[in-house]
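Contents: one structure, followed by commentary.
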Amino acid sequence: MSLSVLASAGVPHDADAELIAQGGLLNICKPSGITSFRIVKEVRRIIGAKKVGHCGTLDPLASGVLLIVYGKATRFVSSLMDGGKVYLGVLQFGTRTDTGDVSGKTIEESPLPSLNRMKVEKVLREFTGVIEQTPPMYSALKHQGKRLYEYARKGISVERAPRKIEIDSLDLLALNEKTLEFRVVCSKGTYVRTLAEDIGRQLGSAATLLSL
């Protein structure tokens with residue numbers, strides 16, 4: 001469901017307040033270019049619920065399913081977030097940005113790598129299973145009470161401890177001179193931007209996430 005479809009249903013009448021308070025789940029199609037928090041804010045405005053939350057942040061660049069819960073259903077956020085995630089991504093070789101995707105400022109450039117499908121698939125297999133991943137600075141994780149992205153926006157970098165994540169599968173969908181398209185099935189807490197950078201590094205090139 002898109003926000004426009006939800007909005008077309010109209011804001012509930014006062015008589016529906018108790019029904020809204022009982023809670024529910026919405027499958028929202030988040031478009032690229034807006035934050036998950038904005039989706040939550042819009043849903044709260046449209047349906048008139050006091051308690052609204054999402055079941056896992058999608059990056060502003062990303063488009064796709066964003067599960068929204070409201071009312072008493074917000075108590076199930078944790079259990080819903082525990083499920084596996086499936087992403088389709090495209091990484092671009094030759095540049096790395098401060099955000100890890102093409103919305104950021106270029107901080108590194110490198111020549112395009114010479115690749116073939118066999119070499120790429122071998123590297124992708126190295127990322128499957130339980131691995132460690134360092135969260136990016138542009139993330140909602142907290143350090144001393146502040147979100148990491150708040151530090152990043154001021155040009156401040158703080159030390160982040162690697163975290164264990166699990167990649168169930170990582171498949172090559174398409175490969176050309178400048179880009180690599182992939183499908184990843186992974187655990188919660190996986191940063192696909194960081195995964196794209198790490199894949200590029202293993203293939204001998206800077207890389208950044210082009211789309212997700």
Side-chain angles (χ1 to χ4, degrees), residues 1-5 25-40 54-68 80-104 106 112-113 115-136 138-140 149 163-212:
M1 177 188 298
S2 67
L3 284 178
S4 60
V5 171
L25 182 146
L26 297 170
N27 183 342
I28 299 294
C29 181
K30 188 189 91 66
S32 178
I34 64 175
T35 65
S36 298
F37 176 75
R38 179 179 167 188
I39 297 291
V40 169
H54 62 71
C55 302
T57 303
L58 285 180
D59 289 339
L61 176 76
S63 62
V65 172
L66 182 66
L67 295 180
I68 298 291
L80 289 169
M81 287 180 65
D82 285 341
K85 318 292 181 182
V86 181
Y87 298 103
L88 298 177
V90 179
L91 69 83
Q92 177 178 280
F93 295 111
T95 60
R96 185 168 66 89
T97 70
D98 56 355
T99 61
D101 60 35
V102 291
S103 70
T106 298
L112 296 176
L115 300 173
N116 57 62
R117 193 174 188 92
M118 184 178 296
K119 180 178 180 180
V120 171
E121 289 180 336
K122 179 178 182 296
V123 166
L124 294 186
R125 286 195 294 271
E126 295 174 2
F127 285 92
T128 58
V130 177
I131 64 172
E132 287 194 338
Q133 185 183 73
T134 301
Y138 277 89
S139 67
Y149 61 73
R163 305 194 308 174
K164 287 185 178 181
I165 60 168
E166 185 168 4
I167 305 293
D168 295 316
S169 64
L170 181 55
D171 301 311
L172 175 63
L173 301 182
L175 175 68
N176 61 44
E177 182 183 11
K178 295 182 179 181
T179 62
L180 183 161
E181 183 178 351
F182 60 92
R183 177 181 184 272
V184 59
V185 181
C186 56
S187 65
K188 69 174 183 178
T190 300
Y191 288 93
V192 183
R193 286 173 289 141
T194 300
L195 180 63
E197 290 181 325
D198 291 343
I199 291 170
R201 189 176 296 110
Q202 282 293 94
L203 291 169
S205 175
T208 191
L209 195 64
L210 183 62
S211 66
L212 183 64

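Treat the numbers as computed from the prediction; the structure is a model and nothing was measured. Along the sequence shown, the residues carry numbers beginning at 1.
- For F37, the side-chain contact (heavy atoms from CB on, under 4.5 Å) criterion is met by T35, not counting sequence neighbours.
- Side chain of S63 to backbone of K30: no donor-acceptor contact under 3.5 angstrom is found.
- Across D98 and Y138, no two heavy atoms sit closer than the pair O-CD1, 3.3 Å.
- A distance of 8.0 Å separates CG in L210 from CG in L61, rounded to the nearest 0.5 Å.
- The closest donor-acceptor contact from the side chain of T106 to the backbone of T97 lies at 3.5 Å or more, if one exists at all.
- Interatomic distance, CG of L91 versus CG of L195, reported as 8.5 Å (0.5 Å rounding).
- Applying the side chain to side chain donor-acceptor pair (under 3.5 Å) rule to pairs touching residues 87-96 yields R96-E108, sequence neighbours excluded.
- Every residue meeting the side-chain contact (heavy atoms from CB on, under 4.5 Å) condition with P113, not counting sequence neighbours, appears here in chain and number order: F93, L115, S205.
- Every residue meeting the salt bridge (Lys or Arg N to Asp or Glu O under 4.0 Å) condition with K188, not counting sequence neighbours, appears here in chain and number order: D82.
- Here CD of Q133 is found 6.0 Å from OG1 of T190. Values are rounded to the nearest 0.5 Å.
- Heavy-atom minimum distance, T194 versus P136: OG1-CD, 3.5 Å.
- For S103, the side chain to side chain donor-acceptor pair (under 3.5 Å) partners are D101, not counting sequence neighbours.
- No side-chain heavy atom of Y191 sits under 4.5 Å from any side-chain heavy atom of E197.
- Scored by the salt bridge (Lys or Arg N to Asp or Glu O under 4.0 Å) test, D198 finds R201 as partners (sequence neighbours excluded).
- The CG atom of L67 sits 5.5 Å away from atom CG of N27, with the distance rounded to the nearest 0.5 Å.
- D59 pairs by the salt bridge (Lys or Arg N to Asp or Glu O under 4.0 Å) definition with R193, not counting sequence neighbours.
- The two residues A207 and A196 come nearest to each other via the heavy atoms CB-O, 3.6 Å.
- Within the structure, the side chain to side chain donor-acceptor pair (under 3.5 Å) test picks out the following pairs touching residues 172-186 (sequence neighbours left out): N176-T179.
- Distance check, rounded to the nearest 0.5 Å: SG of C29 to CG of L66 gives 10.0 Å.
- When all heavy atoms of K85 and S187 are compared, the pair lying nearest together is CG-O, 4.2 Å.
- Rounding to the nearest 0.5 angstrom, the gap separating the OG atom in S36 from the CD1 atom in I68 is 7.5 Å.
- Across all their heavy atoms, I39 and P31 have their closest contact at CD1-CD, 4.4 Å.
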Return a table of donor-acceptor pairs under 3.5 angstrom between the side chains of residues 124-131 and protein atoms on other chains or two or more places apart.
unit_1: E126; atom_1: OE1; unit_2: Q202; atom_2: NE2; d: 3.0
unit_1: E126; atom_1: OE2; unit_2: K122; atom_2: NZ; d: 3.4
unit_1: T128; atom_1: OG1; unit_2: R125; atom_2: O; d: 2.7

